[in-house]
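Within every chain, numbering begins at 1; the chains are lettered A, B, ... in the order of the sequence lines, protein sequences first and strands thereafter.
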Number of protein chains: 2
Amino acid sequence: MTQRGRPRSFDRQTALRQAMQVFWALGYEGATLNELQEAMGGIAPPSFYAAFGSKEELFREAVELYSRTLGAPMMKALEEGPTARDSIQALLVAAVEAFCKPGLPRGCFLVSGAFNSVPANKNVDDHVRGLRVRRQKAIQQRLQRGVEEGELPKNLDPAATAVFYTTVIDGLAIQARDGVSRKALNFAVDCAMAAWDPVVHETDLRKPRMLANRRE
Amino acid sequence: MTQRGRPRSFDRQTALRQAMQVFWALGYEGATLNELQEAMGGIAPPSFYAAFGSKEELFREAVELYSRTLGAPMMKALEEGPTARDSIQALLVAAVEAFCKPGLPRGCFLVSGAFNSVPANKNVDDHVRGLRVRRQKAIQQRLQRGVEEGELPKNLDPAATAVFYTTVIDGLAIQARDGVSRKALNFAVDCAMAAWDPVVHETDLRKPRMLANRRE
DNA sequence: GGTATTATGTAGCGAGCTCTAAAGAATTAA
DNA sequence: TTAATTCTTTAGAGCTCGCTACATAATACC
């Protein structure tokens, strides 16, 4: 059973990739349908809506595409490192890599794409915030694994430590967006990793036990 | 010569404070004139424009108010610390303080207020970006002073090191916005300061010399 | 009181936004 | 060839946005 009806005049995947870059560069609200349609090959509104449903659905697809492509190396680095330290370091290096890729917008889609949107777009905001939180939880779990495998001290607080490295990642996203050079960002990664030994082993950093609870 | 004409029915300073909080919480674009006027005591558009000129002018006044009040302790801490280390630490602590103040929006005005706005509001975006950069330059100058006073090694790179601590501040702003507890943020500050000694004294972190140049 | 001055209240303009209705064009199935 | 299906083109509806025109109300100066 082949495709019936008039064939589409543009490639859906290509159009989605273009849309992702527009969302990434301009944010959900900054990316108007005009600009999106322009970047997607000059398609007209009905074609757009027939193919993607709505601006919000397109954005969610773009987020997923970002995670599958640009975001994947970060998670891969985090999970496949031989030690917790290697994993975190590789994660940060991969983050700088993703945030500074030539030919793509600077910064992190999960920050630039939607942060502090208008109340009408709270759905979109919460969606990417959820993914930022998931990234933090992944770091936390990697640290937890390090504790369970005996690599890290039992009294290390994986949640609080994950907050620190998430802070660095989010900060790198903004710095990259603000135009800081890749070299300077990699130096910042080195700085963050220089904290590893004190953070992991110095006891006075871990007492009292700091839970990464929210809202006090 | 006293005030002629019909007197204003609202207090300008109070209205500005309210507006600052709306901008802080919702961002420049998220804060519609409706919401601003509502928060400013239910004033009508002509009163609004007579008093503040335009939405953008009001925003700039709000930014200045933020810097004068919430932002001042950060710069004060940075400049008045007896050592560079004390200054940076106090800056980070003051940042967490400002980003988590009860009764005020969470996060940093200079990040939440305008980041990745629509192209039409690029002016506003650039304005707060400029202030973020200025904050980074202030850190850089404090480190430079530490070098000149002999507290820090001569081969320390103030620009690159300032990028690291700016990264932490920007990251804290996002984390605070995402609801992370003040305790967890303070722990992240401890982590960042745990990197101080290695960053300042370990030579392999400083070779090759990393300039905080922009765009590669 | 009369007048100039300044603020307020009501109403609405023009622009831009997301999204849709209706008719025509290109393809497959019968 | 005809019908069914699917996309494209053109036009614009409905909404919200920042902002303003105009008449009215409240104050200070003379």
Side-chain angles (χ1 to χ4, degrees), chain A residues 1-16 19 22-23 25-62 113-114 116-125 127, chain B residues 1-16 18-19 22-23 26-62 113-114 116-125 127:
Chain A
M1 176 140 85
T2 60
Q3 182 87 320
R4 304 234 326 208
R6 179 173 178 170
R8 201 173 263 137
S9 67
F10 61 95
D11 181 56
R12 197 179 185 282
Q13 275 305 313
T14 306
L16 176 58
V22 174
F23 279 132
L26 304 176
Y28 179 73
E29 319 195 300
T32 66
L33 287 189
N34 260 341
E35 281 160 314
L36 286 167
Q37 291 159 7
E38 194 70 22
M40 294 162 93
I43 67 178
S47 301
F48 175 91
Y49 285 94
F52 297 102
S54 72
K55 185 184 181 183
E56 181 171 342
E57 288 177 62
L58 172 65
F59 181 79
R60 295 182 124 90
E61 277 199 61
N116 215 24
S117 304
V118 309
N121 296 326
K122 190 171 178 302
N123 284 344
V124 170
D125 235 65
H127 183 58
Chain B
M1 178 139 90
T2 59
Q3 182 87 322
R4 303 229 334 202
R6 178 172 177 170
R8 200 172 264 139
S9 68
F10 61 96
D11 180 57
R12 198 179 184 283
Q13 275 304 314
T14 306
L16 177 58
Q18 299 299 321
V22 175
F23 279 132
L26 304 178
Y28 179 72
E29 318 195 301
T32 66
L33 287 188
N34 261 341
E35 281 160 313
L36 286 167
Q37 291 159 6
E38 192 70 22
M40 294 163 92
I43 67 178
S47 302
F48 174 91
Y49 285 95
F52 297 101
S54 71
K55 186 185 180 183
E56 181 171 342
E57 288 178 61
L58 172 63
F59 181 79
R60 294 181 124 90
E61 275 200 61
N116 215 24
S117 304
V118 309
N121 297 325
K122 190 170 179 303
N123 282 344
V124 170
D125 235 64
H127 184 58

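- Proximity note for A:Arg4 (side chain, C-beta onward) versus D:dC19, C:dT28, C:dT8: the nearest is C:dT28.
- Here the side chains of A:Tyr49 and A:Leu33 are in contact, with some heavy-atom distance below 4.5 Å.
- Side-chain atoms of B:Leu26 and A:Val118, non-hydrogen and from C-beta on, never get closer than 4.5 Å to each other.
- Heavy atoms from other residues, nucleotides or ligands lying under 6.0 Å from CD of A:Glu38 number 12 at most.
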Which atoms of nucleotides 11-15 of chain D (N or O only) lie under 3.5 Å from a protein N or O atom, and what are those distances?
none

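- Here the side chain of B:Tyr49 is nearest to one of D:dG18, C:dT8, C:dC19, namely D:dG18.
- Taking every side-chain heavy atom of A:Arg8 into account, D:dC7 is the closest of D:dG18, C:dT8, D:dC7.
- Ion pairing of B:Lys55 with B:Glu29 is absent here, as no side-chain N (NZ or NE/NH1/NH2) approaches a carboxylate O to less than 4.0 Å.
- Overall, the helix from C:dG1-D:dC30 to C:dA30-D:dT1 carries an axis bend of 10° between its ends, with five pairs at each end and the value rounded to 10°.
- Taking for each of A:Ser9 and B:Ser54 the nucleotide of DNA chain D with the nearest heavy atom, the 5'-most of the two is the partner of A:Ser9.
- Because its NZ or CZ atom is both nearer than 6.0 Å to the ring centre of A:Phe10 and within 45° of the ring axis, A:Arg8 counts as a cation-pi partner of that residue.
- For the pair B:Ile43 CD1 and C:dT6 C1', the interatomic distance rounds to 15 Å; values are reported in whole Å.
- Distances shown here put every side-chain N or O of B:Arg6 at or beyond 4.0 Å from the OP1 or OP2 atom of D:dA25.
- Between B:Phe59 and B:Tyr28, the ring planes are perpendicular. Angles over 60° get that label, and only those under 30° would be called parallel.
- Distances shown here put a side-chain N or O of A:Ser47 below 4.0 Å from the OP1 or OP2 atom of D:dT8.
- Side chains of B:Lys122 and B:His127 form no contact here, defined as non-hydrogen atoms less than 4.5 Å apart.
- Of the options B:Val22, B:Leu58, B:Thr14, B:Leu16, a side-chain contact (heavy atoms from CB on, under 4.5 Å) to B:Met40 is made by B:Leu58 and by none of the others.
- For the segment residues 26-34 of chain A, no residue has any heavy atom less than 4.0 angstrom from an atom of DNA chain D.
- The side chain of B:Pro7 has D:dT27 as its nearest neighbour among D:dT27, C:dG9, C:dC19.
- Between A:Phe48 and A:Gln37 the shortest side-chain heavy-atom distance falls below 4.5 Å.
- A:Phe52 comes within 4.0 angstrom of nothing in the nucleic acid, heavy atoms only.
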